[in-house]
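All remarks here apply to the structure that follows.
Basis for what follows: all heavy atoms, side chains included, without hydrogens, waters or symmetry-related copies. Along the sequence shown, residues carry numbers from 1.
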Amino acid sequence: MTRTDAARKSHYRVVVIGGGDAGISVAARLNRRGVHDVAIVEPSAEHYYQPLWTLVGGGLVAARKTVRREASVLPRGSAWIRDRATGVDPENRLVHLHSGSVGYDRLVVAPGIQLDWDATPGMQDALTTPFASSNYSFRLAPKTWEVMRDLERGTAVFTMPTSPIKCPGAPQKIAYLCADHWRRRGVLGAIRVVLVLPGAGLFGIPVFARALAQAVEEYGIEVRFNTEVVEIDGDSRRIELLDNAAGAKESLDYDALHVAPPQSAPNWVKRGPLADGDSSYGYIEVDKHTLQHVRFPEVFALGDVANTPNSKTGAAIRKQAPVVVANLMSSLSGEPLSAVYDGYAACPFTTARNRMLLAEFDYACNHRPSIPLIDTTRPRYDMWLLKRYGLPFLYWNVLLRGIG
Ligand SMILES: Cc1cc2nc3c(=O)[nH]c(=O)nc-3n(C[C@H](O)[C@H](O)[C@H](O)COP(=O)(O)OP(=O)(O)OC[C@H]3O[C@@H](n4cnc5c(N)ncnc54)[C@H](O)[C@@H]3O)c2cc1C
């Protein structure tokens with residue numbers, strides 16, 4: 001049974017901050033390897049499978065299919081500290097909480113990423129209108145479908161910020177799902193679809209960029225490269241864009257809007273001693289191969305909060321969690337760290353309502369296919385089935401149980 005606050009101790013062998021994808025994947029693996037004196041600091045009573053939020057926004061999955069009780073995913077034997085971390089004192093090996101503090105021998109930091117809705121003027125207000133939504137929130141993802149479903153003419157805008165974000169493919173995926181819906185209803189020709197991207201291309205690896213360019217062309221989507229959203233006026237349904245390459249500004253009137261908010265490390269991480277001082281995003285400064293903190297060897301970090309230069313995805317965590325566990329165990333027994341994370345990440349691009357391509361790659365942007373025999377670089381129906389059914393099954397039944 002999982003212990004809760006009532007039985008809380010003041011010190012654990014391992015403390016894990018965050019009971020999301022990364023935190024539970026690590027805690028479950030530690031449990032299977034016989035490390036039982038583990039506490040998970042997690043304030044939420046719910047655990048979310050966020051990759052399905054894209055399909056929720058596309059009207060293909062009910063939001064309730066993406067959430068389970070946190071208690072149901074906590075590994076047996078670990079303690080659940082139902083509280084929020086507010087800081088870490090690595091010199092004294094303490095995690096500060098709202099309700100006090102807890103000590104550790106080793107610490108795993110995995111509180112995810114912070115959604116900075118306020119960083120773009122007007123974004124919060126626009127999201128309160130019936131014309132704008134975001135798949136980046138469990139509460140808003142069903143609204144995306146309400147905003148997009150009945151559109152028959154006008155302009156639909158899909159945006160991505162300049163900051164690193166979780167699942168960088170998500171802003172494109174929802175544009176393709178909606179465009180395919182409008183095409184099936186015979187109204188796509190009357191809808192101007194605009195995709196706003198901060199980079200110079202659709203994807204950093206040519207084979208995937210070509211496949212996505214084909215989808216863009218088929219749907220007639222206008223792409224604004226090197227462009228960011230600088231302001232949104234929700235009342236007049238107008239969005240201000242800045243082309244950072246040309247230095248040009250553009251105002252667009254929209255009838256439907258999907259935004260991905262700017263993102264960064266949680267404020268308490270950003271302002272604390274574990275943050276990387278190199279950027280304003282404040283992610284935790286770990287060795288990108290061992291995932292051990294560069295200044296505090298008792299500390300490891302993984303998932304969206306780490307400053308590793310991989311694509312921030314659950315797929316990356318699938319490869320990071322075994323590395324953290326192996327190196328943490330070596331560290332506990334005083335041996336050198338030998339497990340290495342190579343930057344693997346994957347992005348399942350839904351290019352239509354029944355098609356997906358699977359972009360898999362590493363730090364060096366090498367294509368790293370993990371499924372034998374089939375060509376996953378082009379959109380396929382079997383890959384869509386993987387996204388809709390296979391990956392959620394793998395998540396709840398294998399990864400969160402520390403199997404493999
Ligand atoms: C719309 C969308 C689509 C996506 N699609 C894909 C996809 O197709 N494929 C893919 O691989 N990935 C996808 N992702 C990304 C994936 O969901 C994340 O990369 C992954 O969930 C990150 O895991 P994490 O454990 O780092 O953070 P999370 O899973 O977000 O968990 C963080 C946990 O920390 C807790 N927490 C927060 N603050 C504190 C605190 N102060 N103290 C203690 N606990 C705290 C939170 O409550 C949460 O439970 C998508 C994400 C979104 C939003």
**Request:** Compare every heavy atom of K9 with every heavy atom of V102, then report the nearest pair and how far apart it is.
**Result:** CG2-O, 4.0 Å

**Prompt:** Would you call D255-R237 a salt bridge at under 4.0 Å N-O?
**Reply:** yes

**Request:** Carefully, step by step, assess T350 and K387 under the rule side chain to side chain donor-acceptor pair (under 3.5 Å).
**Result:** CA-CA 8 Å; T350 45; K387 165 87 184 161; over 6 Å; no

**Item:** R368 NZ/CZ over Y344 ring centroid, <6.0 Å and within 45° of normal
**Value:** no

**Asked** Short question: side chain of R13, backbone of V35 - any donor-acceptor pair under 3.5 Å?
**Response** no

**Message:** Looking at every heavy atom in both S134 and P261, which two are closest together, and how far apart are they?
**Reply:** OG-CD, 3.9 Å

**Item:** S137 side-chain N/O to R139 backbone N/O, donor-acceptor pair under 3.5 Å
**Value:** yes

**Prompt:** Has the side chain of R32 got a donor or acceptor atom that lies under 3.5 Å from a matching backbone atom of R401?
**Reply:** yes

**Message:** Is it the case that the side chain of N31 and the backbone of P75 share a donor-acceptor pair, with hydrogens and angles ignored and the cut-off at 3.5 Å?
**Reply:** no

**Request:** Look at E240 together with R238 and state whether they make a salt bridge at an N to O cut-off of under 4.0 Å.
**Result:** no

**Request:** Using modelled atom types only, decide if a donor and an acceptor are shared between the side chain of D180 and the backbone of R353 within a distance under 3.5 Å.
**Result:** yes

**Request:** Salt-bridge test for R82 and E70: reply yes if a basic N is under 4.0 Å from a carboxylate O, no otherwise.
**Result:** no

**Request:** Ignoring hydrogens and angles, tell me if any N or O in the side chain of E285 forms a donor-acceptor pair with the backbone of R295 under 3.5 Å.
**Result:** no

**Message:** Please check: side-chain N/O of R378 versus main-chain N/O of A211, any donor-acceptor pairing under 3.5 Å?
**Reply:** no

**Request:** Check whether any side-chain heavy atom of L400 sits under 4.5 Å from a side-chain heavy atom of H47, and report yes or no.
**Result:** yes

**Request:** List the steps, then state whether side chain to side chain donor-acceptor pair (under 3.5 Å) holds for H11 with D105.
**Result:** CA-CA 8 Å; H11 186 102; D105 292 337; 3.0 Å; yes

**Asked** What is the minimum heavy-atom distance between K143 and T129, and which atoms define it?
**Response** NZ-O, 2.5 Å

**Request:** May I have the step-by-step check of side chain to side chain donor-acceptor pair (under 3.5 Å) for T290 and N327, ending in yes or no?
**Result:** CA-CA 7 Å; T290 64; N327 285 339; 4.9 Å; no

**Item:** Donor-acceptor contact below 3.5 Å, side chain S133 vs main chain T144
**Value:** yes

**Request:** Would you check if the side chain of Y219 reaches a backbone N or O of L188 as a donor-acceptor pair within less than 3.5 Å?
**Result:** no

**Request:** Anything under 30° is parallel, anything over 60° is perpendicular, the rest tilted; go ahead and classify F138 against W53.
**Result:** tilted

